[in-house]
Amino acid sequence: MVAIGYEEIVRVPKALLHDHLDGGLRPATIVELAGAVGHRLPTTDPEELGRWFVEAADSGSLERYLETFAHTVAVMQTVEGLRRVAAECALDLATDGVVYAEVRFAPEQHLERGLGLDDVVEAVLAGFAEGAAEAAAIGHPIRIGTLLTAMRHAARSQEIAELAVRHRDTGVVGFDIAGAEAGFPPTRHLDAFEYLQRENFHFTIHAGEAFGLPSIWQAIQWCGADRLGHGVRIVDDITPGDARPVLGRLAAYVRDKRIPLELCPSSNVQTGAAPSIAEHPIGLLRDLRFRATVNTDNRLMSGTSMSREMALLVEAFGYGYAELQWFTINAMKSAFIPFDERLAIINEVIKPAYAKLLS
Ligand SMILES: O=c1[nH]cnc2c1ncn2[C@H]1C[C@H](O)[C@@H](CO)O1
Ligand SMILES: [Zn+2]
């Protein structure tokens, strides 16, 4: 069987659940916006800047990886900057063949030049709407849902959770916590998660990336997370066994309850959560039929795209269209938009496209 090529992967519909708005800027846009607000960058050559982000993020440490965001967050402090970045994000994802995306960002990081939390959210939602309309006009329809993230080292999660609920009818579909994981367990934000559950709202939690099973356990059993951001370290609870891998109690629970794992292969290699793409646990987790999904995390810091992540998996694991469809439908089933809308995208967009390729 001939391996599927990159161009073919771009053409198939893809669904993306874990992508950070402030981790996906175009380098040329950063240069332009930084010039306008007087922010000093490591270089003002867009190509060099793109390489700088990937190299700086390639540190083997989540903490050092996160330091690179200072340069993207700095240019996302005005309505115009936020709107533009969101519009370009929608357009870039759509032209990469992503038909459904949930994009997240932390509003509390965008208040340095006087905007309020609601202004920030409204600017981003307007940008997504504009980018999606532009994409549809050139034949690349995309549905974008927004997730609001609270930073786990800070103490604004309740406020951000309320902000998310306030904007639930205009495009915000979920909540998340992100930032350095070690030392900042999910239970620090229990009040926010309990509030969201009372509001019948959806949330995912970055867990099991730079810290292991206790973080995943807390996210699910204490906080009630619908999905796990990364969750890749669930493999620490899976042992080889004689005939087949043996799942511990937590891994079995995650699989039995079909808890979605937002796996981000390239990002995990950069932060040291996985040794290489070929050795990434996604291969095992797919074989064991966990609800595994493929994601970009930060397209700028990883120099990647949704199609590139899938191409890397095709190369490393020999996947064909059947596996790509499986990951895509897993993501769509796990999305935070209403059930009927998820079903419509699966039945009217994803399945017909793959059916042609699989027949
Ligand atoms: O993979 C990640 N783990 C934890 N935090 C992350 C990751 N990628 C991005 N972030 C942080 C940095 C961003 O500024 C923030 C909001 O998008 O989320
Ligand atoms: Zn992330």
Side-chain angles (χ1 to χ4, degrees), residues 16-25 30 53-54 56-77 81-82 85-86 89 101-112 117 120-121 124 128 145-154 156-157 160 163-164 172 174-186 188-189 203-212 215-216 219 225 227-233 260-274 280 293-304 306 309 331:
L16 169 56
L17 301 179
H18 190 133
D19 186 83
H20 292 257
L21 182 65
D22 52 332
L25 285 75
I30 304 176
F53 273 103
V54 176
D58 232 353
S59 59
S61 137
L62 176 61
E63 285 75 8
R64 266 180 289 156
Y65 175 95
L66 293 175
E67 284 170 16
T68 61
F69 286 79
H71 294 296
T72 57
V73 168
V75 302
M76 297 167 69
Q77 300 295 338
L82 287 162
V85 167
C89 168
E102 286 176 13
V103 182
R104 63 189 76 192
F105 71 103
E108 69 199 66
Q109 300 193 120
H110 304 278
L111 310 176
E112 285 167 20
L117 289 171
V120 171
V121 174
V124 169
F128 283 146
T146 305
L147 307 188
L148 299 190
T149 293
M151 298 309 290
R152 59 203 307 157
H153 61 269
R156 299 188 79 158
S157 49
I160 304 304
L163 181 71
V172 176
F175 174 84
D176 163 51
I177 57 168
E181 186 177 5
F184 300 101
R188 265 175 68 99
H189 305 282
F203 56 95
T204 176
I205 295 182
H206 274 78
E209 177 190 21
F211 200 68
S215 188
I216 295 178
R227 308 193 307 232
L228 292 168
H230 298 281
V232 61
R233 289 188 193 249
L261 303 174
E262 303 164 1
L263 300 168
C264 309
S266 291
S267 167
N268 289 162
V269 174
Q270 287 182 292
T271 63
H280 194 284
T293 68
V294 179
N295 300 275
T296 47
D297 206 12
N298 299 292
R299 287 170 286 119
L300 172 67
M301 285 72 184
S302 296
T304 200
M306 192 57 189
E309 291 304 297

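Only this structure's heavy atoms are used, side chains among them; waters, hydrogens and symmetry mates stay out. Keep in mind that this is a model prediction, so the values were computed, not measured. Each ligand, and each atom within it, is numbered from 1 in the order the structure gives.
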Requested in this report: Select the closest option to atom 16 (C) of ligand 1 among Leu66, Asp176, Asp22, judged by heavy-atom distance.
Outcome: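 Closest candidate by heavy-atom distance is Asp22.
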
Requested in this report: Using a strict 4.0 Å cut-off to heavy atoms of Glu209, name the atoms of ligand 1 that fall inside it.
Outcome: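 With Glu209 as reference, the close atoms of ligand 1 come out as 1 (O), 2 (C), 3 (N), 4 (C).
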
Requested in this report: Please identify which atoms of ligand 1 are closer than 4.0 Å to at least one heavy atom of Leu62.
Outcome: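 Result: 3 (N).
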
Return a yes/no value for [X]: is any of its N or O atoms, backbone included, closer than 3.5 angstrom to an N or O of ligand 1?
| X | answer |
| --- | --- |
| Asp297 | yes |
| His20 | yes |
| Met151 | no |
| Gln109 | yes |

Has [X] got a side-chain atom pairing as donor or acceptor with [Y]'s backbone, closer than 3.5 angstrom?
| X | Y | result |
| --- | --- | --- |
| Glu209 | Ala273 | no |
| Gln77 | Gln109 | yes |
| Asn295 | Leu263 | yes |
| Glu108 | Ala154 | no |
| His189 | Arg152 | yes |
| Glu309 | Cys264 | no |

Report task. Quick one: sort the His20 and His206 rings into parallel, tilted or perpendicular, breaks at 30° and 60°. Result ->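 Rings of His20 and His206: tilted, 30 to 60°.
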
Quick one: does [X]'s side chain get under 4.5 Å of [Y]'s, heavy atoms only?
| X | Y | value |
| --- | --- | --- |
| Pro185 | Ser215 | no |
| Phe69 | Met301 | yes |
| Thr72 | Phe53 | yes |
| Cys89 | Asp19 | yes |

Requested in this report: Would you check whether Gly179 reaches within less than 4.0 Å of ligand 1, judged by its heavy atoms?
Outcome: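 Yes; Gly179 lies near enough to ligand 1 that a heavy-atom distance drops under 4.0 Å.
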
Relative to ligand 1, is [X] under 4.0 angstrom through side chain, backbone, both or neither, heavy atoms considered?
| X | result |
| --- | --- |
| His230 | side chain |
| Thr72 | neither |
| Thr271 | neither |

Query raised in the report: Can you name the residues that form a salt bridge (Lys or Arg N to Asp or Glu O under 4.0 Å) with Glu262, not counting sequence neighbours?
Result: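 For Glu262 the salt bridge (Lys or Arg N to Asp or Glu O under 4.0 Å) partners, ignoring immediate neighbours, are Arg104, Arg227.
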
**Report entry** Protein N, O or S atoms lying under 2.8 Å from the Zn ion (ligand 2), listed by chain and number
**Finding:**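 His18 NE2, His20 NE2, His206 NE2, Asp297 OD1, with waters left out.
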
Query - For atom 8 (N) of ligand 1, the protein heavy atom that lies nearest, with its residue and separation - result: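 Checking every protein heavy atom, the shortest distance to atom 8 (N) of ligand 1 gives Asn298 ND2, 3.0 Å.
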
